[in-house]
Amino acid sequence: MSVFDTVICNTAGRYTFSYRPSGKIARWVAYKLTRSDLSGAADRSDSFAPDPLLSVYGWHSATHSDYRGSGYDRGHLLPSADRTDSEASNRSTFLYSNMAPQLPKLNRGPWKRLEERLRAQTSDYDTLYIVVGTVLPSRPRTIGRGVVVPELFFKAVALRRADVFESAAYVMPNEVSRLAGQDYTAFEVPLDSVERLSGLDLFPCIPQF
């Protein structure tokens, strides 16, 4: 079984992920989002911490020092604001296995606005099934002690209302010049293009869109 076949479940945060131990970031994170996930009053914990689950596999986690002075934000894959129902679930989103180096212009710009848009859609849909992940360049660069900087970030969403599903997908560059003046809508792509890019079979148990 390869590293990429290993799926880790974070029970507190109700998400699963596949980890790249050689780059100290997740390949992908998958989770469900409903109104109940947003129903609590848990504050943003900001309790960034190495992920103890990784030690079970003998893998290393990124740490505070890897990001310090790097010029990159600690970009959430599962957003903190998607888990406000309890303090424990919110803290789980601050594990470094759920982080990847994101330029501030991306993390605080179109990526953040897409996150906000998806949370707003919980008012119109029963459940959002979300897979978010990273794509590496052919010649990866690193920060700190070997944390790889993704070239692209993707987010694929299956939106369910009763027994009807819709889909949406986005691929955003982690590069200032390609982000200039763009909002998340400029980066919407067909779902199958994300599958080709990531090598994932997204939402295999959901009827074809």
Side-chain angles (χ1 to χ4, degrees), residues 4 7-8 10 13 15-33 48 51 61-62 66-67 70-83 93-119 121 128-144 146-159 167-203:
F4 287 165
V7 176
I8 301 173
N10 184 298
Y15 64 92
T16 57
F17 66 96
S18 174
Y19 193 66
R20 286 186 173 96
S22 61
K24 297 184 180 178
I25 60 171
R27 183 187 182 207
W28 53 261
V29 172
Y31 63 100
K32 293 194 298 185
L33 181 64
F48 293 94
D51 189 342
S61 176
D66 289 316
Y67 284 83
S70 69
Y72 287 89
D73 285 353
R74 294 172 287 191
H76 282 71
L77 300 179
L78 164 58
S80 162
D82 285 8
R83 291 291 184 264
T93 70
F94 285 90
L95 295 172
Y96 275 104
S97 56
N98 186 48
M99 303 290 154
Q102 277 189 334
L103 287 170
K105 192 173 185 65
L106 174 60
N107 185 42
R108 307 173 200 182
W111 192 257
K112 177 183 178 182
R113 289 189 289 274
L114 175 57
E115 293 173 340
E116 293 169 342
R117 170 60 178 162
L118 296 180
R119 283 192 289 274
Q121 288 184 300
L128 277 63
Y129 300 88
I130 301 173
V131 180
V132 54
T134 57
V135 178
L136 306 187
S138 56
R139 294 184 178 180
R141 66 174 299 267
T142 61
I143 61 172
V147 179
V148 175
V149 178
E151 177 181 27
L152 303 168
F153 287 84
F154 67 83
K155 187 167 293 199
V157 189
L159 306 99
S167 68
Y170 304 84
V171 177
M172 299 192 195
N174 200 20
E175 182 182 327
V176 170
S177 62
R178 296 170 64 191
L179 292 166
Q182 303 290 347
D183 204 357
Y184 70 88
T185 53
F187 302 109
E188 188 167 3
V189 298
L191 184 64
D192 60 1
S193 71
V194 175
E195 292 184 318
R196 291 192 298 270
L197 180 69
S198 64
L200 299 174
D201 180 13
L202 297 167
F203 314 122

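Quick note: residue numbers are just sequence positions, from 1.
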Smallest separation among heavy atoms of [X] and [Y], with atom names:
X	Y	result
L106	P173	CD2-O, 3.8 Å
P101	P150	O-CD, 3.6 Å
R119	P79	NH1-CB, 3.8 Å
V176	L103	N-CD1, 3.6 Å
P110	L179	CG-CD2, 4.1 Å

Return the [atom1] to [atom2] distance between [X] and [Y], rounded to the nearest 0.5 Å.
X	Y	atom1	atom2	answer
L78	N10	CG	CG	8.5 Å
S97	I25	OG	CD1	11.5 Å
D82	Y31	CG	OH	4.0 Å
E175	E151	CD	CD	8.0 Å
I130	L202	CD1	CG	12.5 Å

| Could you walk me through whether K155 and L118 pass the side-chain contact (heavy atoms from CB on, under 4.5 Å) check? | CA-CA 11 Å; K155 187 167 293 199; L118 296 180; 3.6 Å; yes
| said: Which residues pass the salt bridge (Lys or Arg N to Asp or Glu O under 4.0 Å) test with D51, not counting sequence neighbours? | reply: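 D51 satisfies salt bridge (Lys or Arg N to Asp or Glu O under 4.0 Å) with no residue once adjacent residues are dropped.
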| query | Can you name the salt bridge (Lys or Arg N to Asp or Glu O under 4.0 Å) partners of R74, sequence neighbours left out? | reply |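 For R74 there are no salt bridge (Lys or Arg N to Asp or Glu O under 4.0 Å) partners, ignoring immediate neighbours.
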Under 3.5 Å, sequence neighbours excluded: what are the donor-acceptor pairs made by side chains of residues 180-192?
{"unit_1": "D183", "atom_1": "OD1", "unit_2": "R113", "atom_2": "NE", "d": "2.7"}
{"unit_1": "D183", "atom_1": "OD1", "unit_2": "R113", "atom_2": "NH2", "d": "3.4"}

[Y] and [X], any side-chain heavy atoms less than 4.5 Å apart:
X	Y	result
Y15	N98	yes
W28	L77	no
Q121	V157	no
D201	E195	yes

| message | For a side-chain contact (heavy atoms from CB on, under 4.5 Å) check, start with the C-alpha distance between Y67 and D73, then their side-chain angles and the critical distance, and finish with the verdict. | response | CA-CA 7 Å; Y67 284 83; D73 285 353; over 6 Å; no
| message | For L152 and R178: C-alpha separation, side-chain torsions, deciding distance, then whether side-chain contact (heavy atoms from CB on, under 4.5 Å) applies. | response | CA-CA 11 Å; L152 303 168; R178 296 170 64 191; 4.2 Å; yes
| query | So Y19 and F17, would you call those rings parallel, tilted or perpendicular, with 30° and 60° as cut-offs? | reply |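 Rings of Y19 and F17: perpendicular, over 60°.
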Please set out all donor-acceptor pairs under 3.5 angstrom arising from side-chain atoms of residues 134-144, sequence neighbours excluded.
{"unit_1": "T134", "atom_1": "OG1", "unit_2": "R20", "atom_2": "NH1", "d": "2.5"}
{"unit_1": "T134", "atom_1": "OG1", "unit_2": "A26", "atom_2": "O", "d": "2.8"}
{"unit_1": "R141", "atom_1": "NH1", "unit_2": "Y72", "atom_2": "OH", "d": "2.9"}

| field | For S80, all residues meeting side-chain contact (heavy atoms from CB on, under 4.5 Å), sequence neighbours excluded | value |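 So S80 forms a side-chain contact (heavy atoms from CB on, under 4.5 Å) with R44, H76, N90, T93, F94.
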| request: Identify, with sequence neighbours excluded, every residue that meets ring-ring contact (aromatic ring centres under 6.0 Å, His included) alongside F153. | output: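 ring-ring contact (aromatic ring centres under 6.0 Å, His included) check on F153 returns W111.
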